[in-house]
Amino acid sequence: MRTQVAIIGAGPAGLLLSHLLHLKGIESVVLETRSREEIESTIRAGVLEQGTMDILTETGVGERMKREGALHHGIELAFGGRRHRIDLTELTGQAITVYAQHEVIKDLVAARLAAQGQLLFSVSGTSIEGVETDKPRVRFMHEGEQHTLEADFIAGCDGFHGVSRPAIPDSKRQDYQRIYPFGWFGVLVEAPPSSDELIYAQHERGFVLVSTRSPTVQRLYFQCDPKDSVDNWSDDRIWNEFHTRLENGDGWRLKEGKIFQKGIIGMRSFVSTPMQHGRLFLAGDAAHIVPPTGAKGLNLAVGDVKRLAQGIDDFYRSASEAGLASYTEQALKRIWRAEYFSWWMTSMLHTFEDASPFQRQIQRAELENVVNSRALSTALAENYVGAF
Ligand code: RFL
Ligand code: PHB
């Protein structure tokens, strides 16, 4: 088998890259370990920045997002028994859309298949060879047979646990990492949204996020011990925790409903550099992870592949390797800003068990500063909508 760009991973990064390359007349093959059903039903991100909405719309895969996604013009920060609105649109002129990641995946898969794109699901044993030559290869098993896919480039879009990042020798890589001492307990609930906008709530018992998925489904998270098990949490215990952390006697009440999905996720900040080794390029979670508090992961993946597609297009169109050579440096500018913002939101809103009384007061003062200063509210809003 031969193609121009071998793409490992059919997450948002891999599928969007394949779609962008196709629009530029460049062939690719996408290899994915999971089945189509699995990738189209895994619950993950929900917030799309304006730039992400724009690229999906401009490239013809944004129609359903426009119809079914919910445009949000603000978010709320809750602490000390009060809620404070950050007016994203007034402060930045931009907005965000709440539209589930797996819906983006469905739209991209449909677009690739409609264009006879090659997506191979349920592959196994993926390995990468020859990235230091101009004939890199991916070996993999598909439907019981061993295959070798030869390409001009390999795009490693296989997430944090994939094979692409480890294919860059340790001696050539530098990793930066912070693991947080807490996780998020996430639930999906059959109930209409409790709030028109997302609520990021700080409470001494821990952080809570109130998000939505659709007019009939709420997405809620609360800070938990990352080693806890969902089996320890009955629905009653979950609702008690949410009510205690969110309600303050002003009459507003979180809407309950049937909890139909529960899960615990760990939280880390991570960046691996460089994002290129020979003909192998990393994009999305394969190269970097942010804690979900800033809602940046999917949006960063989109930013990476937009840049990578442009670099690959320059290579074929004008034999210029300049775009590809500067991929890491250019991508990292945006990535580190998002790493900073995600770390900042996480630090400001979560309860750190080992924080001293002094640190707790400073954390509260920081929140007061953010909601009472137009300059700081604007900085938060600019970062949240991705206006940088
Ligand atoms: P993905 O989505 O992990 O996709 C990688 C794909 O590669 C496949 N794969 C392989 N395929 C072939 N061979 C191999 N050896 C392979 N190894 C792995 C995997 O099966 C998978 O299909 O990475 P990608 O494309 O870089 O996309 C990144 C985003 O998925 C991620 O950053 C976001 O989900 C993060 N995130 C959020 N991001 C936002 O922008 N806004 C949000 O509101 C938001 N909320 C979240 C989130 C992530 C969460 N979790 C579960 C970590 C909320 C949560 C709870
Ligand atoms: C979500 O809806 O899943 C979501 C929203 C905002 C975040 C993280 C997750 O910051």
Side-chain angles (χ1 to χ4, degrees), residues 6-18 29-36 38-40 42-49 51-52 70 72 75 96-102 104-105 108-109 119-128 138-142 154-167 183-188 193 197-200 207 209-214 217-221 261 263-268 270 282-305 338 341-342 345-346 349 384 386:
I7 300 176
I8 308 180
L15 288 169
L16 181 61
L17 178 63
S18 177
V29 175
V30 181
L31 307 174
E32 167 61 50
T33 45
R34 295 183 299 155
S35 67
R36 179 176 176 186
E38 252 184 288
I39 64 162
E40 290 189 341
T42 303
I43 307 293
R44 295 190 77 178
V47 172
L48 310 185
E49 292 174 354
T52 300
H72 286 216
I75 56 168
I96 50 140
T97 290
V98 178
Y99 184 63
Q101 176 167 325
H102 66 276
V104 176
I105 298 269
L108 286 168
V109 168
L119 306 181
L120 303 186
F121 294 104
S122 306
V123 306
S124 59
T126 325
S127 68
I128 295 172
V138 186
R139 290 166 63 78
F140 60 96
M141 294 282 291
H142 186 239
I154 298 176
C157 301
D158 46 354
F160 185 68
H161 301 286
V163 294
S164 300
R165 190 178 62 256
W184 279 13
F185 195 114
V187 295
L188 281 169
E197 293 176 342
L198 271 62
I199 304 174
Y200 289 81
F207 170 76
L209 172 60
V210 178
S211 180
T212 69
R213 276 294 176 274
S214 71
V217 175
Q218 290 188 93
R219 178 68 163 149
L220 309 173
Y221 301 93
Q261 212 238 20
I264 292 178
I265 57 160
M267 309 260 286
R268 76 170 81 222
F270 175 84
L282 304 181
D285 279 14
H288 43 77
I289 296 286
V290 283
T293 330
K296 286 282 163 273
L298 165 61
N299 295 295
L300 277 181
V302 168
D304 288 353
V305 296
F341 176 65
S342 306
M345 287 285 277
T346 303
L349 289 162
Y384 196 81

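Both counts, for ligands and for their atoms, begin at 1 and track the order of listing.
- Ligand-side atoms of ligand 2 in range of L209: 4 (C), 5 (C), 6 (C), 7 (C), 8 (C), 9 (C), 10 (O), range being under 4.0 angstrom from any heavy atom.
- Ring geometry for Y200 against Y384 counts as perpendicular: the plane angle is over 60°, on a 0 to 90° scale with 30° as the lower cut.
- Shown in contact with R44 at under 4.0 Å from a heavy atom are these atoms of ligand 2, numbered in order with element: 3 (O).
- Near G297, meaning under 4.0 Å from any of its heavy atoms, are these atoms of ligand 1: 32 (O), 35 (C), 38 (N), 39 (C), 40 (O).
- Taking CD1 from I8 and CZ from F140, the interatomic distance works out to 9.5 Å, rounded to the nearest 0.5 Å.
- Heavy-atom separations between F160 and ligand 1 are all 4.0 Å or longer.
- Taking the six-membered ring where the residue is Trp, W184 and Y221 present tilted rings, their angle falling between 30° and 60°.
- Looking only at distances, no side-chain donor or acceptor of H142 sits under 3.5 Å from a matching main-chain atom of S122.
- Below 3.5 Å of separation, one finds an N or O of N299 facing an N or O of ligand 1.
- Of all protein heavy atoms, the one lying nearest to atom 25 (O) of ligand 1 is A13 N, 2.9 Å.
- Under a 4.0 Å criterion applied to the non-hydrogen atoms of D285, ligand 1 contributes the atoms 23 (O), 26 (O), 28 (C), 29 (C), 31 (C), 32 (O).
- Annotation for ligand 2: atoms under 4.0 Å from non-hydrogen atoms of P292 are 7 (C), 8 (C), 10 (O).
- Here CG of L119 is found 6.5 Å from CG of L15. Values are rounded to the nearest 0.5 Å.
- Side-chain atoms of R219 never come within 3.5 Å of backbone atoms of S211 as a donor-acceptor pair (strictly under, hydrogens ignored).
- Under a 4.0 Å heavy-atom criterion, G186 is not in contact with ligand 1.
- Taking every heavy atom of L31 and a limit of under 4.0 angstrom, the matching atoms of ligand 1 come to 11 (N), 12 (C).
- The two residues V290 and A338 make their nearest non-hydrogen contact at CG1-O, 4.1 Å.
- Counting atoms of ligand 1 from 1 in the listed order, those under 4.0 Å from a heavy atom of A295 are 39 (C), 40 (O), 41 (N), 42 (C), 43 (O).
- Distance from atom 3 (O) of ligand 2 to its nearest protein heavy atom, with residue and atom name: Y221 OH, 2.6 Å.
- Atoms of ligand 2 found under 4.0 Å from any heavy atom of S211, numbered from 1 in the order shown, are 1 (C), 2 (O), 5 (C).
- Atom numbering of ligand 2 starts at 1 in the shown order; those under 4.0 Å from a heavy atom of T293 are 10 (O).
- Close approach of ligand 2 to L198 (heavy-atom distance below 4.0 Å) involves ligand atoms 5 (C), 6 (C).
- In terms of polar-atom proximity, V123 is not counted as a contact of ligand 1, lacking any N or O under 3.5 Å from an N or O of the ligand.
- With rounding to the nearest 0.5 Å, the separation of CE in M345 from CG in L209 is 9.0 Å.
- Here the protein heavy atom with the shortest distance to atom 37 (C) of ligand 1 is A45 CB, 3.0 Å.
- Nearest heavy atoms, D304 versus G284: OD2-N, 2.8 Å.
- Using a 4.5 Å heavy-atom cutoff, the side chains of Q261 and V217 are not in contact.
- Between the S18 side chain and the G14 main chain, no donor and acceptor come within less than 3.5 Å of each other.
- Interatomic distance, T126 OG1 to I154 CD1, rounded to the nearest 0.5 Å: 11.0 Å.
- The CG atom of D158 lies 8.0 Å from the CG atom of L282; values are rounded to the nearest 0.5 Å.
- Numbered from 1 in the order shown, with element, the atoms of ligand 1 that lie under 4.0 Å from a heavy atom of G159 read 3 (O), 5 (C), 23 (O).
- From S164, atom OG reaches atom CD1 of I7 across 11.0 Å, with rounding to the nearest 0.5 Å.
- The protein atom (non-hydrogen) at minimum distance from atom 40 (O) of ligand 1 is L298 N, 2.7 Å.
- In summary, of the residues considered (T52, L48, V104), a side chain to side chain contact (heavy atoms under 4.5 Å, CB included) with V302 occurs for T52 alone.
- Checked against a 3.5 angstrom limit, the closest N/O atoms of I265 and ligand 1 fall outside it.
- Looking at V47 next to ligand 1, an N or O pair under 3.5 Å apart turns up.
- Among all non-hydrogen protein atoms, the one lying nearest atom 4 (O) of ligand 1 is G11 CA, 3.4 Å.
- Given atom 5 (C) of ligand 2, the protein heavy atom at minimum distance is V47 CG2, 3.5 Å.
- For atom 1 (P) of ligand 1, the choice among E32, H288, R219, R44 with the nearest heavy atom turns out to be R44.
- Residue contact annotation: M345 has no non-hydrogen atom under 4.0 Å from ligand 2.
- In plain terms, the two heavy atoms of R213 and G46 that are nearest each other are NH1-CA, 3.7 Å.
- When hydrogens are left out, the protein atom nearest atom 13 (N) of ligand 1 is T126 OG1, 2.9 Å; that is the closest non-hydrogen contact.
- Distances below 4.0 Å separate heavy atoms of T33 from the following atoms of ligand 1: 9 (N), 10 (C), 11 (N), 12 (C), 13 (N), 14 (C), 16 (C), 20 (O).
- For the pair E32 (side chain) and A10 (backbone), a donor-acceptor distance under 3.5 Å is present.
- Residue V163 has no nitrogen or oxygen atom sitting less than 3.5 Å from a nitrogen or oxygen atom of ligand 1, judged on distance alone.
- Counting the atoms of ligand 2 from 1 in the order shown, those under 4.0 Å from a heavy atom of Y200 are 6 (C), 7 (C), 10 (O).
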Walk me through it: do V109 and I39 pass the test side chain to side chain contact (heavy atoms under 4.5 Å, CB included)?
CA-CA 10 Å; V109 168; I39 64 162; 4.0 Å; yes

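- Set against the non-hydrogen atoms of K296, the atoms of ligand 1 under 4.0 Å away are 39 (C), 40 (O).
- Considering backbone and side-chain atoms together, Y221 places no N or O closer than 3.5 Å to any N or O of ligand 1.
- Close contacts between ligand 1 and Q101 involve ligand atoms 2 (O), 29 (C), 30 (O), 33 (C), 34 (O) [criterion: under 4.0 Å to a heavy atom].
- Considering both main-chain and side-chain atoms, P12 comes within under 3.5 Å of ligand 1 through a nitrogen or oxygen pair.
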